[in-house]
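Input: a single structure, listed below in structure tokens.
Naming: A, B, ... by sequence-line order, numbering from 1 per chain. Side chains are part of it too, since the values below use all heavy atoms of this structure and drop only hydrogens, waters and symmetry mates. Predicted model, so just to flag it, every value in this text is computed and none were measured.
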Amino acid sequence: MEDWLLQPPRGMNDWTPDKYYSLITVASRLSKVAESFGYSAIETPALEHFEVLKAKAGEDVINEIYYLKDKAGRELGLRFDMTVPVARVLSYRRDFPRPIRLYYVSKVWRYDEPQFGRFREFYQFGVEHVGSPTVQSDAEVLALAVKSLELVNLPQLTVKVSDRRIMDQLLSKININTAREPVLRVLDKRGKVTDDELIKLLIKEGIDKARAESLVAIASTRVPIVDSVRELRELGVGDNLINYVESLANALTDYGVANRVYLDLSIVRGLDYYTGFVFELYTDKIKLAVGGGGRYDELLKVYSGEDVPAVGFAIGIERVMLALGEGQGSIPPVDYYIYPMEGSCYGMAVRIAEKLREGGLRVIVDVGKPSLRSALEYAARIKARKFIIIGRREIERSVVRVRDLETWSEEDIPLSKILK
RNA sequence: GCCCCGGUAGUGUAGCCUGGUACAACACGCGGGCCUGUGGAGCCCGUAACCCGGGUUCAAAUCCCGGCCGGGGCCCCA
């Protein structure tokens with residue numbers, strides 16, 4: 001078969017054991033934190049009705065959906081995140097007691113151009129916290145995100161927080177009432193381009209120079225969340241929002257994560273559906289955000305017709321792994337490799353193996369490597385710990401020969417002891 | 001949608017700039033042997049590649065064009 005057919009489809013990865021165990025290790029550590037917060041795991045089909053996916057996605061995202069028709073002509077698509085499937089599930093399972101706390105480690109797909117840290121098929125760890133509008137739920141979700149990344153030792157983790165309501169208020173204050181989305185998009189570029197260019201871009205959006213300058217000043221706000229109240233007051237943000245941020249900061253302090261969190265009004269994210277606070281998670285190790293989230297109180301309404309407040313986040317597991325480097329987990333070693341010298345000893349080998357497996361050990365019985373020598377070589381290469389030789393000589397004496405592949409020592413162990 | 005880089009045995013690389021000295025080198029892997037109940041080491045032998053198509057040239061892995069495939073940047077995102 002042609003070479004290129006042997007590679008996985010573009011933007012996708014073969015998770016061979018040598019790499020897959022790192023993924024499993026990272027994913028299970030992240031999940032552990034969600035579990036400790038009382039969140040339960042959920043999984044849904046990879047395929048959704050295209051109509052369902054389309055309802056949330058903006059123009060850009062729709063073009064990234066893997067679309068297909070099944071044999072009956074149904075229009076389907078691969079999910080591009082887990083928020084949509086979860087929202088769909090909750091719209092017909094109204095019986096779940098609220099707030100509902102869910103987490104997932106799932107594959108999602110986006111037909112995008114692959115790049116460093118960007119894949120067409122990738123894993124997301126995330127949570128959805130549905131049914132509560134409070135600042136406490138915002139703080140809980142953000143703290144959970146931070147703590148899960150702390151548990152995998154993500155270096156130099158920082159969080160940038162902003163709030164859609166604050167930006168709305170500040171934009172109104174300087175009389176920018178139209179074309180807010182393009183303006184926010186421009187502000188989101190802050191840090192990537194110079195402030196002067198930013199101002200030029202804003203002027204291009206029809207903002208006059210004075211207001212463009214004050215917008216850039218607003219977007220330049222970047223202070224530790226615990227110091228943000230004074231800053232917001234200076235900007236003239238209303239009391240209710242200042243109280244909100246203060247409560248958020250206090251809660252994050254209680255969680256012990258406030259030192260990582262900054263108020264950064266330049267971050268915007270998912271303009272389509274975020275309604276309140278938003279955040280992005282960063283490490284110095286890679287340029288890309290490893291995750292992000294926020295509050296989307298109007299999203300569930302699309303599916304259920306009912307207003308349901310919700311907050312959540314998603315973390316790109318491959319990106320976390322890029323930041324952590326190689327070797328987060330490894331293939332568990334085989335404890336015993338059992339080699340019957342001849343066919344007549346095979347039955348005994350299997351019986352011994354079964355006994356050891358009952359004790360929770362990983363055991364391989366040789367299936368016919370031609371020689372003891374090559375079996376030994378094979379066992380050493382797969383990093384088995386111990387090698388059991390069982391032949392006529394051993395059976396006559398009711399023992400097995402156990403060779404320790406790490407220390408190179410060898411001893412006879414009575415069968416009675418092994419089978420006990 | 002725009003831009004940049006790359007494609008050599010199963011894997012990872014060298015060679016390409018400066019065309020011929022190369023039946024393309026090295027490492028790992030794989031097969032065999034020394035050695036059919038134990039050195040997992042060592043040595044020996046073998047295995048197998050210039051992405052596809054066209055062009056330039058006496059001569060192309062090497063230079064040029066096109067295609068296919070891959071990686072990365074902008075944008076956006078996880």
Would you classify [X] as touching base, sugar-phosphate or nothing, given that sugar-phosphate means primed atoms plus P, OP1 and OP2, and contacts are heavy atoms under 4.0 Å?
| X | result |
| --- | --- |
| A:Gly126 | nothing |
| A:Glu64 | nothing |
| A:Arg381 | sugar-phosphate |
| A:Leu405 | base |
| A:Glu342 | nothing |
| A:Asp81 | nothing |
| A:Ile315 | nothing |
| A:Phe125 | nothing |

Strand partner of [N], provided both Watson-Crick or wobble distances fall under 3.5 Å:
| N | value |
| --- | --- |
| B:rC63 | B:rG55 |
| B:rC69 | B:rG6 |
| B:rU21 | none |
| B:rA14 | none |
| B:rG31 | B:rC45 |
| B:rC76 | none |
| B:rG40 | none |

Any [X] side-chain nitrogen or oxygen under 4.0 Å from OP1 or OP2 of [N]:
| X | N | result |
| --- | --- | --- |
| A:Gln115 | B:rG72 | no |
| A:Lys287 | B:rC76 | no |
| A:Arg10 | B:rG71 | yes |

Check ion pair A:Asp297-A:Arg295 (N to O, under 4.0 angstrom)
yes

Nearest to the side chain of [X], which nucleotide is it out of [options]?
| X | options | value |
| --- | --- | --- |
| A:Arg373 | B:rG73, B:rC77, B:rA41 | B:rA41 |
| A:Ile389 | B:rG37, B:rA78, B:rC30 | B:rG37 |
| A:Leu372 | B:rA78, B:rG37, B:rG40 | B:rG37 |
| A:Arg319 | B:rA78, B:rG73, B:rG39 | B:rA78 |
| A:Arg118 | B:rG73, B:rC76, B:rU38 | B:rC76 |
| A:Arg393 | B:rG40, B:rG37, B:rC77 | B:rG37 |

Any N/O donor-acceptor pair, A:Glu113 side-chain to B:rG72 base, under 3.5 Å
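Donor-acceptor pair under 3.5 Å: no.
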
With [atom1] as the reference atom in both, quote the distance from [N] to [M] in angstrom, rounded to an integer.
| N | M | atom1 | value |
| --- | --- | --- | --- |
| B:rA60 | B:rG20 | P | 11 Å |
| B:rC2 | B:rA49 | P | 38 Å |
| B:rG29 | B:rU38 | C1' | 24 Å |
| B:rU21 | B:rC44 | P | 27 Å |
| B:rA61 | B:rA78 | C1' | 40 Å |
| B:rU13 | B:rG6 | C1' | 15 Å |
| B:rC69 | B:rC64 | P | 22 Å |
| B:rU62 | B:rG55 | P | 14 Å |

Any donor-acceptor pair under 3.5 Å linking the side-chain atoms of [Y] with those of [X]?
| X | Y | answer |
| --- | --- | --- |
| A:Thr44 | A:Arg79 | yes |
| A:Glu121 | A:Tyr66 | no |
| A:Ser304 | A:Ser91 | no |

Take atom [atom1] of [X] and atom [atom2] of [N], then tell me their distance rounded to the nearest Å.
| X | N | atom1 | atom2 | result |
| --- | --- | --- | --- | --- |
| A:Arg401 | B:rU38 | CZ | P | 11 Å |
| A:Lys160 | B:rC77 | NZ | P | 13 Å |
| A:Glu121 | B:rA78 | CD | P | 17 Å |
| A:Tyr378 | B:rG37 | OH | P | 21 Å |
| A:Gln7 | B:rG10 | CD | P | 12 Å |
| A:Gln124 | B:rC77 | CD | P | 13 Å |
| A:Arg79 | B:rC77 | CZ | P | 21 Å |
| A:Leu322 | B:rG71 | CG | P | 13 Å |

With rounding to the nearest 0.5 Å, note down the distance linking CZ in A:Arg211 to CD1 in A:Ile218.
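The distance works out to 11.5 Å.
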
If you look at every heavy atom in A:Ile418 and A:Lys355, which pair is closest and at what distance?
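Smallest interatomic distance, heavy atoms only, reads O-CG, 4.0 Å.
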
Closest approach of A:Val159 to A:Phe279 (non-hydrogen atoms, all atoms of both residues)
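Heavy atoms of A:Val159 and A:Phe279 come nearest at CG1-CB, 3.9 Å.
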
Judged by nearest nucleotide, the residue sitting upstream toward the 5' end of RNA chain B, A:Met12 or A:Arg120, is A:Met12

Go nucleotide by nucleotide along RNA chain B from the 5' end; which of A:Leu288 and A:Phe116 gets its closest nucleotide reached first?
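The residue mapped nearer the 5' terminus is A:Phe116.
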
Using centres under 5.5 Å plus planes under 30 degrees as the test, is A:Trp408 stacked with B:rG40?
yes

So among A:Leu142, A:Leu265, A:Val278, which one has a side chain to side chain contact (heavy atoms under 4.5 Å, CB included) with A:Val161?
A:Leu142

Under a 3.5 Å distance rule, please check whether A:Arg120 uses its side chain to pair with a backbone N or O of A:Asp112 as donor and acceptor.
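Yes; judged by distance alone, with no hydrogens or angles, the pair exists.
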
